[in-house]
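Working notes, beginning with the structure itself.
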Amino acid sequence: MSSHVKVRFAPSPTGYLHIGGARTALFNWLFARHNKGVFLLRIEDTDQQRSTEEATQAILDSMKWLGLDWDEGPYFQSQRLPAYKQYAEKLVAEGKAFYDTDAEGRKAIRFKMLDGMTEINDLIHGIITFDTSLIEDFVILKADGFPTYNFACVVDDAEMGITHIIRGDDHISNTPKQIALYKAFGFKTPEFAHIPMILGEDGSRLSKRHGATSVTEYRDKGYLPHALVNFLALLGWSPGNDVEILSIPEMIEKFTLKRANKTSAQFNNTKLDWMNGQYIKNTPVERLAPETKRFFEKAGIDMAKIAEGWLFDLVELYHDRFKTFQDFLNQTRFFFTDTIEYDQAAVTKFLKREGVGELLREVYAAVSPIDNFDKKNIEDSLRNLTEKLGVGFSKLAQPMRVAITGKSVSAGIFETMELLGKEKTTKRLDYAMKNLCATSETIQF
RNA sequence: GCCCCCAUCGUCUAGCGGCCCAGGAUGCCAGGUUCUCAGCCUGGAGACAGGGGUUCAAAUCCCCUUGGGGGUACCA
């Protein structure tokens with residue numbers, strides 16, 4: 001591979017950066033970094049109706065969040081109008097393009113498509129042949145003075161010295177038009193690599209109805225950027241061994257277009273969740289804690305009075321248990337509120353049973369005298385209690401869990417009680433035995 | 001309609017003529033660890049779309065069919 005590789009990511013700012021675009025950006029970025037080349041960003045805002053400032057900003061933010069830094073740009077096509085006009089008029093002067101007026105009276109410049117066979121040697125598809133007699137003369141400069149996609153793209157890629165065009169394979173059929181333009185200008189044609197598209201979970205084209213499709217949504221749901229990058233990298237590319245979790249430097253080192261495949265891939269949230277969970281497990285608590293704090297705060301939890309050490313313990317306790325920060329918050333919400341929500345099914349199953357009220361009374365009695373309310377002391381007193389009562393610990397655990405957390409599922413009960421603190425713990429036990437447990441009328445048989 | 005691309009477990013993939021009665025991951029199922037769940041460990045079910053060729057030999061090469069995707073705009 002030549003040492004002066006230059007690639008670009010050229011999104012149009014008509015919406016947020018979706019995961020298909022992010023994957024295209026990622027492949028370009030990896031290719032550039034692997035080859036010690038240049039990665040540039042170009043905003044293709046030639047559709048005056050649909051392009052927005054917000055979309056541009058969202059795309060830039062997403063790129064930064066993913067860590068896809070660019071070496072040049074962002075360039076904006078809307079700021080290069082004179083150049084396109086000049087190039088278009090040059091073609092007219094040479095007889096390769098012509099002014100054309102449509103039915104509505106709009107005057108545009110149309111490129112004269114020559115008949116013949118065009119071959120492209122795609123880096124991942126091999127040779128693809130087109131009969132250009134099937135392609136009609138197409139507009140290169142619109143009535144509003146803006147260039148069309150195919151035209152601006154060629155002018156820019158040529159002027160900016162792009163050596164490899166890595167883009168979605170939905171652009172394959174644009175390629176013969178672009179090659180015709182390169183030839184008309186006498187520009188050197190770059191290499192093309194058309195990567196497969198990413199489909200929704202049902203195999204159809206990705207759209208809003210597939211749920212989260214933008215990288216900002218994944219960020220907001222509490223995914224780690226590296227996990228998303230890792231997941232995206234493995235959609236259409238594989239390092240060739242059985243390794244699935246790989247660091248950015250490893251990805252850069254191993255990335256080649258030869259190992260990119262041509263089959264479109266369906267996005268799979270379940271696997272992304274697994275991967276994010278792996279990243280969370282592999283991220284030290286010291287790094288996770290600040291992220292947690294930020295995420296919880298954004299979600300409306302008052303973190304100001306939360307001690308740093310306590311937060312560390314919480315993250316530690318849930319380290320292997322949560323897949324995203326949103327998931328983390330859902331699991332731990334009961335720590336942060338005074339009144340908790342009870343899972344009715346759990347209440348019915350574990351609290352509305354004969355003797356449970358008395359059981360919780362015993363638990364309350366065993367636990368309330370503990371001065372140093374830590375895991376060790378709590379466990380000791382509860383183990384003693386089960387011994388005294390002659391029951392297995394599992395007899396106690398679930399009713400306590402429901403009374404304290406509101407749910408039948410949680411992290412270890414001793415650790416949970418310690419982190420929750422004596423006051424909240426005893427308060428909830430008291431509340432549960434008085435209000436939620438079975439009375440003689442509500443006992444289920 | 002016409003043109004183009006694609007086709008291995010549900011999903012992501014390894015495989016680039018013999019190493020494959022197809023490997024890994026995820027998900028699923030079962031067992032183990034255990035206060036629940038998650039995690040972790042062990043095991044299991046699960047695919048070369050179909051049909052023709054080529055070859056001593058095909059998941060791998062060729063053709064057809066079928067299926068999916070893309071294009072056919074003064075959208076990108």
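For clarity, every value in this text was computed on a predicted model and none was experimentally measured. A note on names: the letters A, B, ... follow the listed sequences, proteins ahead of strands, and every chain is numbered from 1.
- Here Thr46(A) lies in heavy-atom contact (under 4.0 Å) with sugar-phosphate atoms only.
- One N or O donor and one acceptor, one from the side chain of Lys271(A) and one from the base of rA25(B), sit under 3.5 Å apart.
- Residue-to-nucleotide contacts include a donor-acceptor pair under 3.5 Å from the side chain of Asp102(A) to the base of rC74(B).
- Counting atom types as modelled, Asp170(A) pairs no side-chain N or O with a base atom of rA76(B) as donor and acceptor under 3.5 Å.
- Residue order along RNA chain B, read from the 5' end via each residue's closest nucleotide, puts Ile124(A) first among Ile124(A) and Glu415(A).
- When the P atom is compared between rA22(B) and rA59(B), the two are found 11 Å apart, to the nearest whole Å.
- Rounding to whole angstrom units, CG of residue Leu389(A) and P of rC35(B) are separated by 17 Å.
- Across all strands shown, rA14(B) forms no Watson-Crick or G-U wobble pair with both distances under 3.5 Å.
- Between the side chains of Arg401(A) and Gln398(A), at least one donor N or O sits under 3.5 Å from an acceptor N or O.
- In this structure, Leu181(A) atom CG and rA76(B) atom P are separated by 14 Å, rounded to whole Å.
- Here His171(A) lies in heavy-atom contact (under 4.0 Å) with a base.
- Using the Watson-Crick or G-U wobble rule with both distances under 3.5 Å, rC21(B) pairs with nothing in any strand shown.
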- Item | Trace of the ring-ring contact (aromatic ring centres under 6.0 Å, His included) decision for Trp310(A) with Phe335(A) | CA-CA 11 Å; Trp310(A) 185 89; Phe335(A) 279 106; 5.8 Å; yes
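- For the pair Leu246(A) CG and rA14(B) P, the interatomic distance rounds to 14 Å; values are reported in whole Å.
- Checking Ser214(A) against Glu217(A) by side-chain atom types alone, a donor-acceptor pair falls below 3.5 Å.
- Counting non-hydrogen atoms under 4.0 angstrom, Lys281(A) reaches the backbone sugars and phosphates but no base.
- Taking atom C1' in both rU60(B) and rA14(B), the straight-line distance is 13 Å, to the nearest Å.
- Note on Thr263(A): a side-chain N or O is less than 4.0 Å away from OP1 or OP2 of rA7(B).
- Base pairing analysis places rG1(B) opposite rU72(B); the two distances defining the Watson-Crick or G-U wobble pair are each below 3.5 Å.
- Remark: aromatic rings of Tyr75(A) and Trp70(A) are distant, center separation not under 6.0 Å.
- Thr175(A) comes within contact range of no nucleotide atom at all, as no heavy-atom separation falls under 4.0 Å.
- Computed from coordinates, the Asp169(A) CG to rC6(B) C1' distance equals 8 Å when rounded to whole Å.
- Donor-acceptor pairing under 3.5 Å is lacking for the side chains of Thr56(A) and Glu53(A).
- Nucleic acid contact class of Gln266(A) (heavy atoms, under 4.0 Å, all strands): sugar-phosphate only.
- With 3.5 Å as the limit, one finds no donor-acceptor pair spanning the side chains of Tyr16(A) and Asp61(A).
- Outside the 6.0 Å centre-distance limit, the rings of Tyr223(A) and Phe231(A) are not counted as a close aromatic pair.
- A sub-4.0 Å separation between OP1 or OP2 of rU13(B) and a side-chain N or O of Lys262(A) is absent.
- With both ends at atom C1', the span from rG50(B) to rC3(B) equals 25 Å, rounded to whole Å.
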Please list each protein N or O that sits under 3.5 Å from an N or O in nucleotides 58-64 of chain B, with the distance.
none

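- Taking atom C1' on both nucleotides, rG10(B) is separated from rC48(B) by 16 Å, rounded to a whole Å.
- On the P atoms, rU11(B) is 14 Å away from rA7(B), given to the nearest whole Å.
- Dashed line: the shortest gap from a side-chain N or O of Arg50(A) to OP1 or OP2 of rA76(B) is not under 4.0 Å.
- rA7(B) is paired with rU66(B) under the criterion used here, namely a Watson-Crick or G-U wobble arrangement in which both key atom distances are under 3.5 Å.
- For Ser78(A) and Asp45(A), the side-chain atoms include at least one donor-acceptor pair closer than 3.5 Å.
- If you check every strand for non-hydrogen atoms under 4.0 Å, Gly392(A) touches nothing.
- Heavy atoms of Ala152(A) sit nowhere under 4.0 angstrom from any nucleic acid atom.
- When only modelled atom types and interatomic distance are considered, Ser133(A) and Asp131(A) share a side-chain donor-acceptor pair under 3.5 Å.
- Of the P atoms belonging to rC6(B) and rG32(B), the separation is 49 Å, rounded to the nearest Å.
- Between rC2(B) and rC19(B), the distance separating the two C1' atoms is 45 Å to the nearest Å.
- Using a 4.0 Å heavy-atom cutoff across all strands shown, Arg167(A) reaches no nucleic acid atom at all.
- Between rC35(B) and Arg383(A), a contact under 4.0 Å exists linking OP1 or OP2 to a side-chain N or O.
- Between Gln278(A) and rC40(B), a side-chain N or O to OP1/OP2 separation shorter than 4.0 Å is present.
- Rounding to whole angstrom units, CD of residue Gln178(A) and P of rC4(B) are separated by 18 Å.
- The residue Leu134(A) sits close only to the backbone: its heavy atoms come under 4.0 Å of sugar-phosphate atoms, none of a base.
- Of the residues near RNA chain B, Gly203(A) and Pro11(A), the one whose nearest nucleotide (by heavy atom distance) lies more toward the 5' end is Gly203(A).
- What separates CZ of Phe192(A) from C1' of rC5(B) is a distance of 16 Å, to the nearest Å.
- Spacing between atom CG of Asp320(A) and atom C1' of rG39(B) amounts to 5 Å, rounded to whole angstrom units.
- Neither side chain, Glu201(A) nor Gln266(A), offers a donor N or O lying under 3.5 Å from an acceptor on the other.
- Between the CG atom of Asn230(A) and the C1' atom of rU26(B) there is a distance of 13 Å, rounded to whole Å.
- Ser408(A) comes within 4.0 angstrom of a base, heavy atoms only.
- Ring centroids of Phe267(A) and His18(A) are separated by 6.0 Å or more, keeping the two rings apart.
- Across all strands shown, rC40(B) pairs with rG32(B); the Watson-Crick or G-U wobble distances both stay below 3.5 Å.
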